[in-house]
Amino acid sequence: MDGGDDDVEMAGAAEAGAAVELDEMKKRLKEMEDEAAALREMQAKVEKEMCAVQDPASATASQSNREEVDSRSVFVGNVDYSCTPEEVQQHFQACGTVNRVTIRTNKFGQPKGYAYVEFLEQEAVQEALLLNESELHGRQLKVSAKRTNIPGMKHFRPRRPNPYMGFRGRTPYPAPFFYTPYGYGKVPRFRAPMRYSPYF
């Protein structure tokens with residue numbers, strides 16, 4: 001009789017353990033569903049922001065605005081590194097009203113040797129082009145109309161061949177070319193000399 005009571009107690013304990021496990025699994029499942037819902041909400045928010053950024057109407061508007069600004073700007077090359085934006089502005093003052101002078105610099109803040117000059121009037125660009133090869137700080141300036149960069153389009157620059165490295169083709173590992181050591185024809189095969197064995 002005692003054995004039967006033990007069996008009932010063990011079965012009751014097992015049922016209680018299973019119920020606890022079931023509750024934990026339900027709780028975990030609820031947490032996972034909440035996380036999935038939060039992730040979906042975040043993903044929808046990110047997609048909405050991306051659509052707002054890549055709105056074609058705003059992209060075309062900004063592109064046309066950039067083209068309009070570039071039509072009133074000139075590129076100035078061979079600018080002396082010690083030249084200031086004020087000096088560049090004074091140099092182009094006679095062409096028209098200078099709206100902005102931008103001297104390009106690298107990531108260390110050092111000038112790259114060229115600048116952009118933006119005018120208020122579009123007619124001033126033609127006057128500025130007449131200052132091509134004019135001198136500033138003892139250097140001849142290269143003045144040309146500013147080109148509009150199209151986003152996503154990169155100018156392809158072919159790689160120059162290095163005369164010290166030899167020509168490298170498109171294939172990463174070209175097939176090796178072997179010369180036969182004895183001229184053309186078959187390479188003679190040498191047989192290893194027979195070794196004396198006391199078992200033969």
Side-chain angles (χ1 to χ4, degrees), residues 38-177:
L39 276 170
R40 278 197 297 271
E41 193 177 334
M42 280 176 63
Q43 191 174 0
K45 191 177 179 183
V46 169
E47 283 177 2
K48 193 176 180 183
E49 286 176 3
M50 290 287 285
C51 289
V53 168
Q54 294 178 352
D55 186 19
S58 63
T60 50
S62 64
Q63 180 68 16
S64 61
N65 184 31
R66 194 179 298 127
E67 285 175 5
E68 194 271 325
V69 169
D70 289 347
S71 68
R72 294 185 281 105
S73 305
V74 291
F75 168 82
V76 186
N78 201 26
V79 177
D80 188 47
Y81 295 130
S82 63
C83 210
T84 62
E86 289 77 20
E87 289 172 327
V88 177
Q89 181 180 355
Q90 286 172 7
H91 190 76
F92 288 93
Q93 197 74 47
C95 304
T97 311
V98 177
N99 188 31
R100 184 188 306 156
V101 175
T102 308
I103 295 179
R104 288 290 185 174
T105 57
N106 60 15
K107 60 182 179 180
F108 303 110
Q110 302 296 324
K112 288 185 175 181
Y114 63 91
Y116 294 108
V117 180
E118 181 192 327
F119 296 97
L120 282 176
E121 309 91 6
Q122 198 166 349
E123 298 78 26
V125 173
Q126 298 302 320
E127 296 291 326
L129 292 176
L130 298 174
L131 290 177
N132 185 34
E133 296 187 353
S134 62
E135 283 197 8
L136 179 64
H137 276 232
R139 299 181 74 166
Q140 277 194 343
L141 300 178
K142 303 291 181 189
V143 184
S144 60
K146 188 177 185 299
R147 289 178 301 159
T148 304
N149 291 328
I150 301 169
M153 292 287 286
K154 284 190 176 180
H155 296 289
F156 175 70
R157 203 179 273 179
R159 188 178 289 178
R160 291 181 183 176
N162 190 341
Y164 302 105
M165 293 292 288
F167 178 74
R168 290 177 65 186
R170 288 266 179 198
T171 54
Y173 300 106
F177 186 80

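Interatomic distance, CG of Leu129 versus SG of Cys95, reported as 9.0 Å (0.5 Å rounding). Residue Lys146 holds its NZ atom at 11.0 Å from CD of Glu67, rounded to the nearest 0.5 Å.
Here the rule is side chain to side chain donor-acceptor pair (under 3.5 Å) with Asn78, and of Arg139, Gln140, Lys142 only Arg139 fits it.
In this structure, Glu68 pairs ionically with Arg72, as a charged nitrogen and a carboxylate oxygen lie closer than 4.0 Å.
Here the side chains of Val98 and Val117 are in contact, with some heavy-atom distance below 4.5 Å. Side-chain contact check for Cys83 versus Leu136: some heavy-atom pair is nearer than 4.5 Å. At least one side-chain heavy atom of Phe119 sits under 4.5 Å from a side-chain heavy atom of Val74. The shortest side-chain heavy-atom distance between Val69 and Glu118 falls under the 4.5 Å cut-off. Counting heavy atoms from C-beta outward, Ser73 and Val125 have side chains that stay 4.5 Å or more apart. Thr105 places none of its side-chain heavy atoms less than 4.5 Å from the side chain of Lys112.
More than 12 heavy atoms of other residues, nucleotides or ligands shown are found within 6.0 angstrom of CD on Glu135.
Scanning for ring pair (Phe, Tyr, Trp, His ring centres under 6.0 Å) contacts around Phe75 gives Tyr114, Tyr116, with sequence neighbours left out.
Ile103 approaches Ala115 most closely through the heavy-atom pair CG1-CB, 3.8 Å.
For residues 85-96, the side-chain hydrogen bond (donor to acceptor under 3.5 Å, both in side chains) pairs, not counting sequence neighbours, are Thr84-Glu87, Glu87-His137, His91-Ser134.
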Could you walk me through whether Leu141 and Leu131 satisfy the side chain to side chain contact (heavy atoms under 4.5 Å, CB included) test, starting with their C-alpha distance in whole Å, then the side-chain angles of each, then the deciding distance to 0.1 Å, before giving a yes or no? CA-CA 8 Å; Leu141 300 178; Leu131 290 177; over 6 Å; no

What do the steps show when you test Phe92 against Val101 for side chain to side chain contact (heavy atoms under 4.5 Å, CB included), and what is the final call? CA-CA 10 Å; Phe92 288 93; Val101 175; over 6 Å; no

